[in-house]
Amino acid sequence: MENLKSRIVADYHTHTIYSRNNHGKGTIRENVEKAVELGLKEIYITDHGPGHYLFGIRKNSILKARKEVDKLKEEFAGIIDIFLGVEANVIGYDGTFDITEEYKDYFDIINLGFHNGVLFKDFYSFFHYHVINNIKISKKVLDYITKKNTQAIIKIIEKENIFTITHPGDKVPVDIEMLASACERTNTALEINSSHRNLTVEQLKKIKGSSVMLTLGSDAHRPQYVGNLEFALRRLEEAKIDSSRVLNFKRRER
Ligand SMILES: [Zn+2]
Ligand SMILES: [Zn+2]
């Protein structure tokens, strides 16, 4: 693992104080400085999308975050590349997410995940996410909702440019094989999250035969956890997945 660890150049998933209500603890600068200390070459700032009513970045702070990143990019030029991303939320089972057209251009990348604490766009979506996912009544219901959850993500990645799906299966179940094949088709990655259990080793084994790309994310909510990818690496190794499938070892093509 030491060998793989030393080859990591990027952390694609970190939060800052732009994730509101004391959810993220550090500033963008602090995350960048930690990444530099670790010798990373790329750091991605990906606070919760505005559809999260507790922790989401405020819409009127997005431009501020963009300017802050642009300033730091100049300061750290030649040392590390800094990207402004976002961890967008699924807010509708019809394939709606919480980054509207007017905000898309502010972000270098958009990650996407399911989260609790999201304001769903309609009752149908609210009911599916919060109620049907929690009726643990039969396999039939579980299969139904698993398919619905998966399709909600697929509908979004089919029309939007999503970089990676964060912690797939963590909040609600997904059909990982169905999702992986849609990700292959749409050039979207799947995340092995170092702070959550998904992707699990079991899920990784299921998608071993596909060619879907993978990302490792620390999901750091404090600067000291930036670049903390060991748990994710461990799962990658346990599932015996070739490192050529992981994006973190190569710098971004531009
Ligand atoms: Zn998340
Ligand atoms: Zn996160």
Undergrad: What is the distance from atom NE2 of H48 to atom OG1 of T16, rounded to the nearest 0.5 Å?
TA: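 These two atoms lie 10.5 Å from each other.
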Undergrad: Should I192 and T215 count as side-chain neighbours, where that means a heavy-atom distance under 4.5 Å?
TA: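 No - every pair of side-chain heavy atoms lies 4.5 Å or more apart.
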Undergrad: With side chains defined as the heavy atoms from C-beta onward, is the minimum distance between N248 and Y12 less than 4.5 Å?
TA: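 With C-beta onward as the side chain, the pair touches.
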Undergrad: Could you grab the distance from atom OG1 of T188 to atom CD1 of I110, nearest 0.5 Å is fine?
TA: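 Reported value, rounded in 0.5 Å steps: 11.5 Å.
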Undergrad: So does E68 pair up with K71, basic N to acidic O under 4.0 Å?
TA: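 Salt bridge flag = no for K71 with E68.
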Undergrad: Would you confirm whether D242, through its side chain, and S244, through its main-chain N or O, come within 3.5 Å as a donor-acceptor pair?
TA: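 Here the side-chain-to-backbone pair exists.
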Undergrad: Within the 4.5 Å heavy-atom criterion, are R235 and L204 side-chain neighbours or not?
TA: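 In short, these two side chains touch, coming nearer than 4.5 Å.
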Undergrad: Can you tell me if H52 uses its side chain to pair, donor with acceptor, with the backbone of N116 under 3.5 Å?
TA: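 A pair under 3.5 Å: yes.
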Undergrad: Taking the side chain as every heavy atom from C-beta outward, state whether L190 and M213 have any pair of such atoms under 4.5 Å apart.
TA: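 Counting from C-beta outward, L190 and M213 never come under 4.5 Å.
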Undergrad: Measuring from atom CG of N133 to atom CD1 of I145, what distance do you get when rounded to the nearest 0.5 angstrom?
TA: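 Spacing of CG (N133) from CD1 (I145) equals 4.5 Å.
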Undergrad: In plain terms, say whether R66 and D108 are close enough for a salt bridge, that is, a side-chain N and a carboxylate O under 4.0 Å apart.
TA: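 Here R66 pairs with D108 in a salt bridge, since their nearest N and O are under 4.0 Å apart.
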Undergrad: When you look at F249 and I8, which way does the side chain to side chain contact (heavy atoms under 4.5 Å, CB included) test go after all the steps?
TA: CA-CA 5 Å; F249 302 120; I8 288 175; 3.5 Å; yes
Undergrad: Counting only heavy atoms not in Q224 (residues, nucleotides, ligands), do more than 12 fall under 6.0 Å from its CD?
TA: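 Atom CD in Q224 is crowded, with more than 12 foreign heavy atoms closer than 6.0 Å.
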Undergrad: Once ring pair (Phe, Tyr, Trp, His ring centres under 6.0 Å) is applied, do any residues pair with Y18, and if so which ones, sequence neighbours excluded?
TA: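 Residues passing ring pair (Phe, Tyr, Trp, His ring centres under 6.0 Å) with Y18: none at all.
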Undergrad: How long is the span from the NZ atom in K206 to the CG atom in L199, to the nearest 0.5 Å?
TA: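 If I round to the nearest 0.5 Å, the distance is 11.5 Å.
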Undergrad: Using distance alone, with no hydrogens and no angle criterion, decide if T200 and N198 have a side-chain donor and acceptor under 3.5 Å apart.
TA: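 Judged by distance alone, the side chains do not pair up.
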Undergrad: With rounding to the nearest 0.5 angstrom, report the CD1 to CD distance, I176 to Q203.
TA: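 These two atoms lie 4.5 Å from each other.
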Undergrad: What do the steps show when you test L4 against E237 for side chain to side chain contact (heavy atoms under 4.5 Å, CB included), and what is the final call?
TA: CA-CA 10 Å; L4 280 183; E237 292 206 314; 3.4 Å; yes
Undergrad: Just so I know, are the side chains of F76 and V32 near enough to count as touching, which here means a heavy-atom distance under 4.5 Å?
TA: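 Answer yes - side chains close enough.
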Undergrad: Find out whether the Lys NZ or Arg CZ of R252 is both under 6.0 angstrom from the six-membered ring centre of Y44 and within 45° of the ring's axis.
TA: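 Relative to the ring axis of Y44, which defines the angle, R252 lies outside at least one limit.
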Undergrad: Whether the D175 and T150 side chains hold a donor-acceptor pair (N or O, under 3.5 Å, no angle test) is what I'd like checked.
TA: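 Looking only at side-chain atoms, T150 and D175 do not form any donor-acceptor pair under 3.5 Å.
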Undergrad: Considering only heavy atoms from C-beta outward, does the side chain of I157 approach that of C183 to under 4.5 Å?
TA: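 Of all side-chain heavy-atom pairs linking C183 with I157, at least one is under 4.5 Å.
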Undergrad: Are D70 and E74 side-chain neighbours, meaning at least one heavy-atom pair lies under 4.5 Å?
TA: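 No, side chains not in contact.
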Undergrad: When you measure from the side chain of D47 to the backbone of H15, do you find a donor-acceptor pair of N or O atoms at a distance under 3.5 Å?
TA: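 Answer holds: no.
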Undergrad: Could I get the full list of ring pair (Phe, Tyr, Trp, His ring centres under 6.0 Å) partners for F126, not counting sequence neighbours?
TA: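 Counting only residues at least two positions away or on another chain, F126 forms a ring pair (Phe, Tyr, Trp, His ring centres under 6.0 Å) with H130.
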Undergrad: Between H128 and Y124, is the ring centroid distance below 6.0 Å?
TA: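 Under 6.0 Å, so yes.
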Undergrad: Begin from the C-alpha positions of E158 and T186 and carry the test side-chain hydrogen bond (donor to acceptor under 3.5 Å, both in side chains) through to its verdict.
TA: CA-CA 6 Å; E158 275 176 344; T186 57; over 6 Å; no
Undergrad: Under 3.5 Å, is there a donor-acceptor pair between the side chain of S195 and the main chain of S218?
TA: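 Judged by distance alone, yes, a pair lies under 3.5 Å.
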Undergrad: Please check: side-chain N/O of R20 versus main-chain N/O of G56, any donor-acceptor pairing under 3.5 Å?
TA: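 Confirmed, R20 side chain pairs with G56 backbone.
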Undergrad: Looking at N134, I'd like to know if its CG atom is crowded, meaning that more than 12 non-hydrogen atoms belonging to other residues, nucleotides or ligands lie closer than 6.0 Å.
TA: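 Result for CG/N134: enclosed.
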Undergrad: State, without any angle test, whether N31 and T14 hold a side-chain donor-acceptor pair at a distance under 3.5 Å.
TA: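 Yes, T14 and N31 have a side-chain donor paired with an acceptor closer than 3.5 Å.
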Undergrad: Does any N or O in the side chain of H221 come within less than 3.5 Å of the main-chain N or O of D219, such that one atom is a donor and the other an acceptor?
TA: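 Here the side-chain-to-backbone pair exists.
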Undergrad: Check this for me, if you would: do E33 and R29 make a salt bridge, where the nitrogen-to-carboxylate-oxygen distance has to be below 4.0 angstrom?
TA: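 The answer is yes: the pair qualifies as a salt bridge.
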Undergrad: Taking the side chain from T164 and the backbone from N111, do they hold a donor-acceptor pair closer than 3.5 Å?
TA: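 The answer is no, because no donor-acceptor pair under 3.5 Å joins these two groups.
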Undergrad: Show me the pairs that pass ring-ring contact (aromatic ring centres under 6.0 Å, His included) and involve residues 173-197, at least two apart or across chains.
TA: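 Non-adjacent pairs meeting ring-ring contact (aromatic ring centres under 6.0 Å, His included): H167-H196.
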Undergrad: So that I can tick it off, tell me whether E30 and R222 are bridged by a salt bridge, with the cut-off set at under 4.0 angstrom between side-chain N and carboxylate O.
TA: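 Salt bridge: no.
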Undergrad: Under 6.0 Å from the NZ atom of K104, do we count more than 12 heavy atoms belonging to anything else shown?
TA: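 More than 12 heavy atoms, drawn from other residues, nucleotides or ligands, come within 6.0 Å of this atom.
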Undergrad: Distance only, no hydrogens: is a donor on one side chain within 3.5 Å (strictly under) of an acceptor on the other, for Y93 and D122?
TA: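 No.
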Undergrad: Around atom OH of Y225, are there more than 12 heavy atoms from other residues, nucleotides or ligands closer than 6.0 Å?
TA: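 No, because the 6.0 Å sphere around OH of Y225 holds 12 heavy atoms or fewer from other groups.
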Undergrad: Please check: side-chain N/O of R245 versus main-chain N/O of S210, any donor-acceptor pairing under 3.5 Å?
TA: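 Checking the backbone N and O of S210 against the side chain of R245, a donor-acceptor pair under 3.5 Å is found.
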Undergrad: Within the 3.5 Å criterion, strictly below it, is a donor on E87 or T46 matched to an acceptor on the partner's side chain?
TA: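 There is no such pair between these side chains.
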Undergrad: Hey, could you give me the CG/CD distance between L216 and E191, rounded to the nearest 0.5 Å?
TA: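 Separation between the atoms: 8.5 Å.
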Undergrad: Do Y144 and I132 come within less than 4.5 Å of each other through their side chains, counting heavy atoms only?
TA: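 Answer yes - side chains close enough.
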Undergrad: Got a donor-acceptor contact below 3.5 angstrom from the S61 side chain to the I57 backbone?
TA: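 Such a contact is absent between S61 side chain and I57 backbone.
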Undergrad: Give a yes or no on whether the backbone of H23 and the side-chain of N21 come within a donor-acceptor separation of less than 3.5 Å.
TA: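 Such a contact is absent between N21 side chain and H23 backbone.
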